[in-house]
Structures are given as C-alpha cells and as structure tokens.
Number of protein chains: 2
Amino acid sequence: MRHKEGNKEKDIIEAAIKCFAKKGYHHSKIIDIAKIANVAVGSIYVYYNNKEDILIKIFNNLWERLYFKITNIEKNSRLTPVEKIDTMIEDIFDAFIENPNLAIVFVNEQQYLLKLSSTLSNNFHKKYLDVGEIFIKEGIQQNIFSSEINSNIFRIFILGAIRNLLRYWADTPVKISLAKIKENVTYLIRNGILKK
Amino acid sequence: MRHKEGNKEKDIIEAAIKCFAKKGYHHSKIIDIAKIANVAVGSIYVYYNNKEDILIKIFNNLWERLYFKITNIEKNSRLTPVEKIDTMIEDIFDAFIENPNLAIVFVNEQQYLLKLSSTLSNNFHKKYLDVGEIFIKEGIQQNIFSSEINSNIFRIFILGAIRNLLRYWADTPVKISLAKIKENVTYLIRNGILKK
DNA sequence: ATAAATTATGAATACTTATTCAAAAATAAT
DNA sequence: ATTATTTTTGAATAAGTATTCATAATTTAT
C-alpha cells in the first residue's frame, strides 16, 4: 500500500488559517488556499468535504485543545476560583501567542461558525463555556466573588473582552505586548477601574 | 420637479438591516433585500452604489448618532469621569434597544467593515473611540481610576465586552433583560469581580 | 392634454467561484 | 517489468448572484 510522504491535510489547514486571517473566510478562494498550500485545487477536496468543512475543523481543533486545558484546571483542587480564572485566561492568550493568524480567524469567524457548529456532535466550544461558568459559580459560593455578578453575563462579558483585545493585538502586534494585555485584563477583572 | 412619495431609500436600508441580521451580510442577496423592502432589484441601485455601500451607510448612520451623543457627554463638565463612562455605556445600549437587528449586524459585520471604512472621510467610528479614550485618561489624571490601567487596552476591553453581550442579548432577547446586562456591566467595570 | 422629467422595473448580462471527475502521476505489490 | 492501488491534478462544469440598462410607469410642468 502506498504511504503518503508529505502531509497535505496539514498543509491545507495551515494555508487556510493564513488565508482566512488575511482576507476573511468569505473572501478567501479555494484557489488561494491551494496556492499557499502548494497543492492543486482538487487535492483540497480529497481531504476536506468543502470550504466550510475546513473552517469547522480549524475551530474544532482549537476548542478541543482549550477544553483539554480547562479540564486540567478544573481537576486541580488546590487552585482558588481566582487562580482558576487567571489560569484560564492565560491559557487562552497562550493558545494564540504561537499563532496570531489563528487569533484573527477566531475573532472574525467564530460567530459565523456558531450557527453551524451547534449541530456538531462533539461541541468542545460549548463544553468549554460550561466549565468556565462553574468557576464563576464556585467563586460566588465561596463568597470570594461579588454575588451581584450574574455568572452567565460575566462569562460572555469576559470572553468578548478577550476576543476584542486579541483581535487588536493580532492586527498590530508591534504596538503592545500580549503580556501587557494579559496583565491589564487580569487586573480589570479582579478590581475594576476604581481606585481602592 | 417630481416629488418622491414613499421613502424607498429608507425602506431599503431598513430591509437590509433585517436581512443582514438574519442571514449575515455575505449570505444576504440583493433580491432578498428587494423583496423585504417591496421594491425591484433595480431600485436598490438607484439609491445605493452597490451592496457594500448599503452596509457602509448602515454603520455610518449608527456611529454618527453615537458620536453626537458622546460629544454631548464630553461637553457636560459637571459629570465625573465615572459618570461619563456610565452614560456612554448607557447610550450604546440604548441605541440597540430600539433596534435589536441593528445590534446583530453591528456585532457580526463591524470587523469586516473596519477594513473598508478606514478609508472613509468622516470616520465617526474613529472619532467616537478617541473621545472615549479621553474619558479614561481624565479619570486616571484625576486620580479616580487606577493608574495601572492602560487606557487603550481598557477601551478595547470594554467595547469588546459590550459587543459580545449585545450579540448574546440580540440572539436570545427573552432570556435576560438588557437592563440587567447594563447593570452588571457597570458594576463589573467599576469594581471587578472581587468582593470588597 | 401633451410633453418633459423623474422614478421604478426586472429580464438579460457578466462575472465570480465552489465543486467535480476523468485522466495522469506516483508509489507499492507481484 | 508489469500490474494494481493510491494520490494528485486542473480544466471543465455548474450554480449562484451582483450589476446593468432599455423600457415602462408615474408624476410634474406647460
């Protein structure tokens, strides 16, 4: 049996991330992706059902990795709720440090994808959010977080804030360091803007 | 000279908002918009240069209105920096209360548009952000806000958070009231999650 | 009432682009 | 070396859809 030499499947998905980041999903043409990946147009359809399928797989990979990390945080009973949220935020930032293009695709196409991915069987994105909400509830139960906070609203609040910052950072990586952003986010979440 | 009876220009832009909200910009067809607006396909091209032009005008209208409001806040010297930010947040939420569809279009297409609108002459969006940043700097200068906060990061942080909450709210208006969301956002920005 | 000007129409056009598939190339098995 | 199997290819196909424009309808002016 013939054994594949290169890894076209991987080449294609990496090319797609580059292309989607640069032009956006809807403006990326299959032929663009093929050129970046150095394969023929037809080859893409050997490894993926269609264009949408590529995007779905990009996201599923990402959320699977993040879900793996958050379950590790959850298992670590020595961490306080504050530390859990800090670590969770750190993991999200870290996931994008190695791949700014992925960050851009994430912030731009995530919403479009939610409509499709909700039908997927292993929805790592949903699972991830559920664990995140548990952390907030723990903090409130343990009387560490203010009980005035609605955990659902907070979850959406914080993810939106991070997403927007990542987009900004990914677009202009020179202007400000991700470490600085991470620091500010952690501070703002803990203390808000008012001076103590 | 002939005088227009109805207002097709307005009908079209309102139909476009509905359609973009429901299907997304890229999946909305000109013929869809024409049907909703009760006009012929050709009429759309009488009032707008092309499909993109409609989207650009939707956003320009929105940011123009918000810019008008924020300049009024700026002029009101009796307000403290905290009150200014509170009012600013309130205005953003209010702008979408009357038109949930506009909120959906805003959160979904804003990013795609930034690439185009940056070339526009009256960029109300940019002007708006600049005034917002002034409020933060005032607060830090007057020693009311923590000086650990980077005003640029905060601006992006807070707008991202609001955008994400609006999207959530617009998608599921029954689950949670906008008033409740607004309340939580104000609280979080002031105090963070930690109990005092 | 007629002409002039304006506004509205939608079938036809032109263009883009995702997807297919028959054939070729590359590799493995005999 | 020959055959079988797998992988790759890209021109051709198919489908969709933004935009145009000649014509019609409507309103205003004379």
Side-chain angles (χ1 to χ4, degrees), chain A residues 1-60 105 108-109 112-113 115-117 119-120, chain B residues 1-60 105 108-109 112-113 115-117 119-120:
Chain A
M1 219 226 292
R2 187 181 171 189
H3 170 72
K4 277 187 296 185
E5 272 315 316
N7 192 337
K8 286 204 167 38
E9 191 172 353
K10 202 179 161 209
D11 291 348
I12 291 165
I13 212 161
E14 280 171 1
I17 291 172
K18 269 188 206 162
C19 198
F20 293 166
K22 193 173 174 188
K23 305 185 173 190
Y25 173 77
H26 287 287
H27 288 115
S28 294
K29 291 148 207 161
I30 291 291
I31 199 172
D32 296 334
I33 299 169
K35 274 177 189 159
I36 298 171
N38 249 310
V39 299
V41 167
S43 300
I44 291 180
Y45 288 88
V46 173
Y47 296 97
Y48 299 93
N49 297 326
N50 49 46
K51 190 178 162 186
E52 204 169 88
D53 188 37
I54 305 174
L55 188 63
I56 289 173
K57 276 169 183 158
I58 289 172
F59 275 78
N60 219 39
V105 179
N108 288 332
E109 317 298 345
Y112 165 68
L113 217 92
K115 290 164 192 167
L116 314 170
S117 69
T119 57
L120 291 179
Chain B
M1 219 227 290
R2 186 183 170 189
H3 170 73
K4 277 187 296 185
E5 272 315 317
N7 192 338
K8 287 206 167 37
E9 192 173 353
K10 203 179 160 211
D11 291 348
I12 290 165
I13 211 160
E14 280 171 0
I17 291 172
K18 268 188 208 163
C19 198
F20 292 166
K22 193 174 174 189
K23 304 184 174 192
Y25 173 76
H26 287 285
H27 289 113
S28 293
K29 290 149 207 161
I30 292 291
I31 200 172
D32 296 334
I33 299 169
K35 273 178 189 161
I36 297 171
N38 249 310
V39 299
V41 167
S43 300
I44 291 181
Y45 288 87
V46 173
Y47 295 97
Y48 299 93
N49 296 327
N50 49 46
K51 189 178 161 186
E52 203 169 271
D53 189 37
I54 305 173
L55 189 62
I56 289 174
K57 276 168 183 157
I58 289 172
F59 275 77
N60 220 38
V105 179
N108 288 331
E109 316 298 344
Y112 165 67
L113 218 91
K115 289 165 193 169
L116 314 168
S117 70
T119 58
L120 290 179

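Since this is a predicted model, take the numbers as computed values, not measurements. Letters A, B, ... are given to chains in the order of the sequence lines, protein chains preceding strands, and every chain is numbered from 1.
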d(CG, B/N50; C1', C/dA14) in whole Å: 16 Å

Whole-Å gap separating P (D/dT19) and CD1 (B/I33): 10 Å

Sugar-phosphate, base or nothing in reach of B/V39, heavy atoms under 4.0 Å: sugar-phosphate

Heavy-atom pair with the smallest gap, counting every atom of B/I17 and B/V105: O-CG2, 3.5 Å

Phosphate OP1/OP2 of D/dT20: any B/Y45 side-chain N/O under 4.0 Å: no

Within 45° cone and under 6.0 Å: A/K10 NZ/CZ vs A/Y47 ring: no

Nearest to side-chain heavy atoms of A/V41, which nucleotide of D/dG10, C/dT17, C/dT9: D/dG10

Check: B/I13 and B/Y48 side chains under 4.5 Å, non-hydrogen atoms: yes

Backbone N/O of A/S28 and side chain of A/K22: donor-acceptor pair under 3.5 Å: no

From D/dT9, C/dA8, C/dT20, nucleotide with atom closest to A/A40 side chain: D/dT9

Whole angstrom value for the distance that separates P of D/dT19 from OH of B/Y48: 14 Å

A/K57: which of A/D53, A/N60, A/I54 passes side-chain contact (heavy atoms from CB on, under 4.5 Å): A/D53

OP1 or OP2 of C/dT9 under 4.0 Å from side-chain N/O of B/S43: yes

Separation of atom CG in B/N7 from atom P in C/dT7, rounded to whole Å: 12 Å

Between P of C/dT7 and NZ of B/K8, the distance in whole Å: 11 Å

Interatomic distance where NZ belongs to B/K35 and P belongs to D/dA18 [whole Å]: 12 Å

Rounded distance (Å) that lies between atom C1' of C/dT17 and atom NE2 of B/H27: 13 Å

Closest nucleotide among C/dT7, D/dT7, D/dA18 to the B/Y47 side chain: C/dT7

Whole angstrom value for the distance that separates C1' of D/dT19 from CD1 of B/I31: 13 Å

